[in-house]
Amino acid sequence: MAYRVYVIELSRRAFTENWRFRAANPQFNGVLQCLYVGMTSKSPQVRFEQHRKGYRNAKGHNLASGIVQKYGMYLRPSLYNHLPALRTRREALKLEKDLTLELRRKGYAVWSN
């Protein structure tokens, strides 16, 4: 099984309406976009649709990010296509965290779980 890290562009309303999102991004100056960074064993396209539709697994657990469900607009492959597929969930989680920090340093407002 391979894991991928992906990026979704969010509406700017995520920053103006969600205090947690604002608190996580004090560096944001409003110039660049609001983003969500996630990781998946599925394709980024399938995972994005799961977020948008509020996907629940067979046990009834909600696997969708509320912030993506409410504010998600589209995938941003130019921000993740250069990243490798990873063999382990642990590697993917580390890459997700690293990419989140890198994008924040560049001036994006970023949310990840």
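All residue numbers in this chain count up from 1 along the given sequence. Note that the structure is a prediction, hence the values are computed from the model and not measured.
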Nearest 0.5 Å, what's the [atom1]-[atom2] distance between [X] and [Y]?
X: Ser43; Y: Leu75; atom1: OG; atom2: CG; answer: 8.5 Å
X: Tyr71; Y: Arg13; atom1: OH; atom2: CZ; answer: 6.0 Å
X: Arg22; Y: Thr16; atom1: CZ; atom2: OG1; answer: 7.5 Å
X: Glu9; Y: Ser11; atom1: CD; atom2: OG; answer: 9.0 Å
X: Thr40; Y: Glu96; atom1: OG1; atom2: CD; answer: 10.5 Å

Quick one: are [X] and [Y] in side-chain contact, heavy atoms under 4.5 Å?
X: Met1; Y: Arg89; result: no
X: Phe28; Y: Arg104; result: no
X: Phe21; Y: Ile67; result: yes
X: Leu10; Y: Leu35; result: no
X: Gln69; Y: Lys53; result: no

With hydrophobic residues grouped by side-chain heavy-atom distances under 4.5 Å, do Leu93 and Tyr3 end up in a single group? yes
Single-linkage hydrophobic cluster Val7~Leu32, side-chain heavy atoms < 4.5 angstrom: yes
Tell me, with the steps shown, if Gln27 and Arg105 meet side-chain contact (heavy atoms from CB on, under 4.5 Å). CA-CA 8 Å; Gln27 85 297 344; Arg105 277 195 300 274; over 6 Å; no
Trace of the side-chain contact (heavy atoms from CB on, under 4.5 Å) decision for Phe48 with Val68: CA-CA 8 Å; Phe48 178 54; Val68 175; 4.2 Å; yes
Which atom pairs, donor and acceptor, lie under 3.5 Å between side-chain atoms of residues 106-113 and protein residues at least two apart or in another chain?
| unit_1 | atom_1 | unit_2 | atom_2 | d |
| --- | --- | --- | --- | --- |
| Lys106 | NZ | Glu102 | OE2 | 3.1 |
| Trp111 | NE1 | Asn113 | OD1 | 3.2 |
| Ser112 | OG | Thr100 | OG1 | 3.2 |
| Asn113 | ND2 | Tyr36 | OH | 3.3 |

Minimum heavy-atom distance [X]-[Y], with the two atoms named:
X: Glu91; Y: Arg87; answer: OE1-N, 3.2 Å
X: Arg4; Y: Lys42; answer: CG-O, 4.4 Å
X: Asn29; Y: Val31; answer: OD1-N, 3.0 Å
X: Arg76; Y: Gln33; answer: NH1-OE1, 3.4 Å
X: Arg12; Y: Cys34; answer: CA-SG, 4.0 Å
X: Asn25; Y: Phe15; answer: O-CE1, 3.9 Å

Can you tell me how the ring of Tyr6 sits relative to the ring of His51, calling it parallel under 30°, perpendicular over 60° and tilted otherwise? tilted
Verdict with reasoning, Gln50 to Leu63, per side-chain contact (heavy atoms from CB on, under 4.5 Å): CA-CA 8 Å; Gln50 287 180 336; Leu63 299 183; 5.7 Å; no
